[in-house]
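Each remark here refers to the structure printed beneath this line.
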Amino acid sequence: MAREKKKEDSFFDLVHEVARLIPRGRVTSYGAIAKYLGTGKSARVVGYAMNAAHTSKFRVPAHRVLNRNGLLTGKHHFGSPDEMQKLLEKEGVKVIKDQVQDFKEIFWDPNTELDL
DNA sequence: CGATTGACGTACG
DNA sequence: TCGTACGCCAATC
């Protein structure tokens with residue numbers, strides 16, 4: 001009765017929330033989010049959670065989450081692989097050959113930005 | 001309940 | 001410097 005809504009405390013929601021906190025025009029890495037969530041070395045779980053982002057009721061800007069190399073590793077998981085790059089460029093992020101330019105300059109680290 | 005997978009990361013050769 | 005192997009944690013089958 002009291003549970004009118006199922007609270008999804010899954011790791012997914014945690015990643016989804018952080019992903020939504022990413023400012024427009026900024027990008028982050030799976031490892032950064034993983035560390036922020038406490039997963040630490042298991043950046044894989046973050047990527048896995050991103051896969052579930054599609055199932056989240058909220059819109060998760062997964063296109064702002066890249067791997068440690070600033071490479072659009074998960075572009076294939078979008079409706080269209082070109083859409084991810086298109087979205088990033090639309091936000092002012094230059095992407096060449098699936099590689100984000102000035103990745104370290106637009107890199108948004110939740111551990112630094114949120115803990116500031 | 002056990003084995004496999006996964007949008008990563010780091011270490012080693 | 002580049003390529004390959006392993007580890008890590010959680011979800012899914």
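Every chain is numbered from 1, with letters handed out A, B, ... down the list of sequences. None of these values were measured; they are calculated from a predicted model. Values below: every heavy atom of this structure, side chains too, minus hydrogens, waters and symmetry copies.
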Original post:
With a non-hydrogen cut-off below 4.0 angstrom, is A:Phe11 in contact with a base, only sugar-phosphate, or nothing?
Top reply: sugar-phosphate

What's the [atom1]-[atom2] distance between [X] and [N], to the nearest Å?
{"X": "A:Lys41", "N": "C:dC9", "atom1": "NZ", "atom2": "P", "answer": "7 Å"}
{"X": "A:Tyr36", "N": "C:dC9", "atom1": "OH", "atom2": "C1'", "answer": "19 Å"}
{"X": "A:Phe12", "N": "B:dA7", "atom1": "CZ", "atom2": "C1'", "answer": "12 Å"}
{"X": "A:Tyr30", "N": "B:dG9", "atom1": "OH", "atom2": "P", "answer": "8 Å"}
{"X": "A:Lys35", "N": "B:dT10", "atom1": "NZ", "atom2": "C1'", "answer": "14 Å"}
{"X": "A:His54", "N": "B:dA7", "atom1": "NE2", "atom2": "P", "answer": "15 Å"}
{"X": "A:Ile33", "N": "B:dG9", "atom1": "CD1", "atom2": "P", "answer": "10 Å"}
{"X": "A:Leu14", "N": "C:dC9", "atom1": "CG", "atom2": "P", "answer": "16 Å"}

What distance do [X] atom [atom1] and [Y] atom [atom2] have between them, rounded to the nearest 0.5 Å?
{"X": "A:Ser29", "Y": "A:Lys104", "atom1": "OG", "atom2": "NZ", "answer": "15.0 Å"}
{"X": "A:Met84", "Y": "A:Leu87", "atom1": "CE", "atom2": "CG", "answer": "8.5 Å"}
{"X": "A:Arg24", "Y": "A:Leu88", "atom1": "CZ", "atom2": "CG", "answer": "11.0 Å"}

Original post:
Side-chain heavy atoms under 4.5 angstrom apart, residues restricted to Ile, Leu, Val, Met, Phe, Trp, Tyr: same cluster for A:Leu21 and A:Phe107?
Top reply: no

**OP:** State yes or no: do A:Leu114 and A:Val15 share one hydrophobic cluster built from I, L, V, M, F, W and Y residues joined by side-chain heavy-atom distances below 4.5 Å, directly or via other members?
**Re:** yes

Original post:
Hey, what else clusters with A:Phe12 if you join Ile, Leu, Val, Met, Phe, Trp, Tyr whenever side-chain heavy atoms sit under 4.5 Å?
Top reply: A:Tyr48

Original post:
Does any residue of residues 64-71 of chain A have a heavy atom under 4.0 Å from DNA chain B, and if so, which ones, in number order?
Top reply: A:Asn67, A:Arg68

Original post:
By a strict heavy-atom criterion of less than 4.0 Å, which residues belonging to residues 75-98 of chain A are in contact with DNA chain B?
Top reply: A:His77, A:Phe78

Original post:
How do A:Ala52 and A:Thr39 order along DNA chain C: which one's closest nucleotide is nearer the 5' end?
Top reply: A:Thr39

Original post:
Are the charged groups of A:Arg26 and A:Glu113 less than 4.0 angstrom apart, N to O?
Top reply: no

**OP:** Identify the residue among A:Lys90, A:Glu91, A:Glu83, A:His77 that makes a side-chain hydrogen bond (donor to acceptor under 3.5 Å, both in side chains) with A:His63.
**Re:** A:Glu91

**OP:** Give a yes or no on this: more than 12 heavy atoms of other residues, nucleotides or ligands lie within 6.0 Å of atom CZ of A:Arg20.
**Re:** yes

